[in-house]
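Note on naming: letters A, B, ... go to the chains in the order of the sequence lines (proteins, then strands), and numbering restarts at 1 for each one. In this text the structure is predicted, and so the values were computed from the model without any measurement. Just the heavy atoms: all of them, side chains too, but no hydrogens, waters or symmetry mates, feed the values below.
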Protein chains: 2
Amino acid sequence: MKLQQLRYLVEVAKQGLNVSEAAEKLHTSQPGISKQIRLLEDELGVQIFIRNGKRVVDVTAPGREILRISERMLMQAQNLKRIGEEFVNVEGGSLTIATTHTQARYALPKTIKAFLSRYPKVRLSIKQGSPTQISEMVVDGEADIAIATEGIDHYPELAMLDCYDWNRDIVVPQDHPLTGLTRPLTLADVAAYPLITYDFAFTGRNKINSAFEAAGLAPNVVLTAIDTDVIKTYVSLGLGVGIIAAMAFEPDRDHGLVAIDAGHLFESSTTRIGVRRDAYLRGYAFDFISLFAPQLSREIVQGALMCEIDDGE
Amino acid sequence: MKLQQLRYLVEVAKQGLNVSEAAEKLHTSQPGISKQIRLLEDELGVQIFIRNGKRVVDVTAPGREILRISERMLMQAQNLKRIGEEFVNVEGGSLTIATTHTQARYALPKTIKAFLSRYPKVRLSIKQGSPTQISEMVVDGEADIAIATEGIDHYPELAMLDCYDWNRDIVVPQDHPLTGLTRPLTLADVAAYPLITYDFAFTGRNKINSAFEAAGLAPNVVLTAIDTDVIKTYVSLGLGVGIIAAMAFEPDRDHGLVAIDAGHLFESSTTRIGVRRDAYLRGYAFDFISLFAPQLSREIVQGALMCEIDDGE
DNA sequence: CTTACTTACGCGAATCGTAAGGATC
DNA sequence: GATCCTTACGATTCGCGTAAGTAAG
């Protein structure tokens with residue numbers, strides 16, 4: 001049994017049971033992969049793939065089990081290499097954060113500034129995407145850490161850690177009727193105007209929806225955006241009332257806009273950090289997490305990585 | 001990086017950093033191992049072993065980390081092979097239980113009888129040893145399941161599962177003064193006679209010691225044995241009063257002996273099952289555990305394997 | 001007829017064992 | 001001097017790529 005064989009195996013499964021594509025991805029020949037997989041099947045004494053004539057059409061039951069373990073082993077092989085890098089160059093290295101616009105724009109800058117001054121030699125990169133995309137980046141090893149609010153649960157490969165709770169503000173132009181309100185803001189007040197808020201599956205959008213639904217209101221959402229800057233721009237233009245993450249309102253920069261606390265109208269959202277359970281994290285990666293969410297010490301993160309496993313086996 | 005290299009690495013560490021012995025154990029040449037380890041060190045870019053001139057004297061810090069991960073990978077490689085066996089021969093296979101005399105003699109027979117009738121094709125074997133020995137058998141992969149009462153905690157590689165609580169009986173010849181006691185038995189009553197009980201580190205012996213200590217009594221233990229049969233034999237001979245596990249008294253067989261419940265005198269002990277956290281257990285292994293301790297369903301055991309990890313990393 | 005996998009074959013590389021060399025205890 | 005590891009070298013094996021063959025859609 002060789003690691004290379006496992007690599008072939010996993011890649012074939014990843015490419016939808018297409019041996020040729022796997023060969024291309026791995027920069028090798030297709031017959032080589034075929035042969036090695038057969039050799040492995042012979043050695044283990046089980047078929048891993050079901051072949052219909054000369055076509056791979058499915059994975060056998062033992063094959064699924066074998067793939068699962070093989071992936072783990074390859075992950076650990078990668079971890080071995082990272083250990084090497086870590087000790088060769090304690091300070092240097094790279095760290096890739098996958099996150100959403102809102103986090104990157106409003107929550108992360110402070111953390112990143114602190115991180116860069118502490119680890120000037122670490123190449124930090126930020127990849128943006130939808131919550132689903134960023135989860136998959138981490139699952140696929142393209143990023144080390146995912147940071148998002150929505151929809152990054154339910155990946156058994158990832159350990160999720162709560163960072164902080166937050167809620168919404170309503171933003172309106174400064175001469176807007178809602179600014180003169182003497183009583184507390186209600187959902188009905190908000191629903192009376194055209195609304196501008198986040199796209200579905202982004203930045204706690206579903207908490208907004210459910211609040212209106214629970215109140216029996218059908219708000220008129222005239223525009224949805226992925227990022228807060230777009231929302232604010234159109235609010236400035238008078239297109240409607242914005243509902244944004246409270247942390248995304250910057251009094252110094254957002255001239256002409258007024259934020260009204262709406263924390264009592266919506267259920268609060270929790271921003272989470274996600275890391276691959278079985279990935280080897282460099283020392284500075286733990287520090288990054290601690291800088292972002294001080295309660296997440298290295299010990300706590302490592303504890304969470306090991307426990308809370310429920311990947312239905 | 002190749003699995004073979006990791007195997008060499010781990011074996012060298014296991015043989016006390018002696019490359020030659022590792023070579024012998026693995027039936028290969030010593031220069032081969034040396035070379036492969038060096039190649040791996042080159043590939044990873046770190047020294048794994050500290051060499052004093054031409055002698056391996058220690059493991060480096062990254063080396064410890066690398067060894068830990070390598071062991072895991074090799075374990076999983078072995079699991080892959082087991083998966084093959086499992087599916088080739090769903091009913092057949094082997095299962096090795098490492099346990100102490102008391103368990104093998106009094107607790108296990110019922111379980112084993114049921115198991116054998118259910119899986120007649122499984123080659124079941126039982127290895128006996130001290131709690132420490134049986135723990136190490138499982139850690140080293142020589143046995144699949146450890147069953148014991150004492151001293152098999154504190155192995156981070158093992159997951160421990162409580163099976164049942166039990167306590168002690170006093171056994172005496174049937175004409176012994178203690179049989180005529182009209183009031184409840186006390187520790188002082190027992191300590192008044194020469195005692196025969198288990199060897200240190202066996203079958204809850206330390207619970208017996210602490211009970212006497214707490215009562216300020218210094219019992220006269222005239223004989224210690226590993227197994228209950230020896231204790232009963234010498235009690236029959238009138239050598240003293242026996243303290244044994246309650247489950248080890250068999251009224252039908254133990255003619256001439258009387259058991260007196262002593263559950264109120266000693267803290268109860270818990271018999272536990274231990275399995276390697278990262279080993280692949282065959283389906284029938286889970287069934288064996290369930291037969292022995294019905295509350296330990298396959299789901300519960302698997303849950304315990306994954307969580308409750310605290311291997312101080 | 002195209003796509004996709006298998007078989008066959010030859011090259012180059014890697015692994016392993018033997019033998020000799022040097023360091024440490 | 002004994003033990004233990006490294007270096008050197010040759011033989012075998014192994015993995016990989018090219019080319020041809022065959023089955024499925």
### Aromatic contact, Phe115(A) with Tyr119(A) (centres under 6.0 Å)
yes
### Task
Could you check Pro31(B) against Lys35(B) and say which one's nearest nucleotide on DNA chain C is further toward the 5' end?
Lys35(B)
Exercise answer: donor-acceptor pairs, residues 87-97 of chain B side-chain atoms, under 3.5 Å, sequence neighbours excluded:
from, atom 1, to, atom 2, distance (Å)
Asn89(B), OD1, Gly92(B), N, 2.8
Thr96(B), OG1, Ser125(B), OG, 3.2

## Note on the structure
salt bridge (Lys or Arg N to Asp or Glu O under 4.0 Å) filter on Asp278(B), not counting sequence neighbours, yields Arg276(B)
### Value in whole Å for how far the C1' atom of dT22(D) lies from CZ of Arg55(A)
11 Å
### Query
Looking only at side chains, do Thr149(A) and Thr203(A) share a donor and an acceptor under 3.5 Å apart?
no
### Task
For DNA chain D, determine which residues of residues 36-54 of chain B have any heavy atom closer than 4.0 angstrom to one of its atoms, and list them numerically.
Arg38(B), Arg51(B), Lys54(B)
### Task
Would you mind telling me which residue lines up with the more 5' stretch of DNA chain D, Thr28(A) or Val56(B), judged by nearest nucleotide?
Val56(B)
### Query
For Arg118(B), what residues pass the salt bridge (Lys or Arg N to Asp or Glu O under 4.0 Å) criterion, not counting sequence neighbours?
Asp287(B)
## Note on the structure
Under a 4.0 Å heavy-atom criterion, DNA chain C is touched by chain A from dT3(C) to dT7(C)
### Side-chain N,O (Ser34(B)) to OP1/OP2 (dC5(D)) below 4.0 Å
no
### Task
List in chain and number order the residues that pass side chain to side chain contact (heavy atoms under 4.5 Å, CB included) with Ser135(A), two or more places apart in sequence or in another chain; answer none if no residue qualifies.
Ile152(A), Tyr155(A), Leu158(A)
### Query
Once you round it to whole Å, what is the distance between P of dT13(D) and NZ of Lys2(A)?
14 Å
### Summary
Residues at least two apart in sequence or cross-chain that pass salt bridge (Lys or Arg N to Asp or Glu O under 4.0 Å) with Glu41(A), listed by chain then number, are Arg51(A)
### Query
Among all residues two or more places apart in sequence or in another chain, which pass the side chain to side chain contact (heavy atoms under 4.5 Å, CB included) test with Lys54(B)?
none
### Task
Could you name each residue pair satisfying side chain to side chain donor-acceptor pair (under 3.5 Å) that touches residues 77-87 of chain B, not counting sequence neighbours?
Arg82(B)-Asp144(B), Glu86(B)-Arg282(B)
### Task
Mind checking Gln4(B) for me? I need base, sugar-phosphate or nothing, with any heavy atom below 4.0 Å counting as a touch.
sugar-phosphate
#### Entry: Sequence-distant partners of Asn18(A), side chain to side chain contact (heavy atoms under 4.5 Å, CB included), two or more places apart
Ser20(A), Glu21(A)
Review item, side-chain donor-acceptor pairs of residues 32-40 of chain A, under 3.5 Å, at least two apart:
from, atom 1, to, atom 2, distance (Å)
Ser34(A), OG, Gln30(A), NE2, 3.2
Gln36(A), OE1, Gln5(A), NE2, 3.0

### Task
Could you list by number each residue of residues 16-26 of chain B showing a heavy-atom separation from DNA chain D of less than 4.0 Å, or answer none if no residue does?
Leu17(B), Asn18(B), Val19(B), Ser20(B)
### Task
Send over the distance from Leu3(A) CG to dG15(D) P, rounded to a whole Å.
13 Å
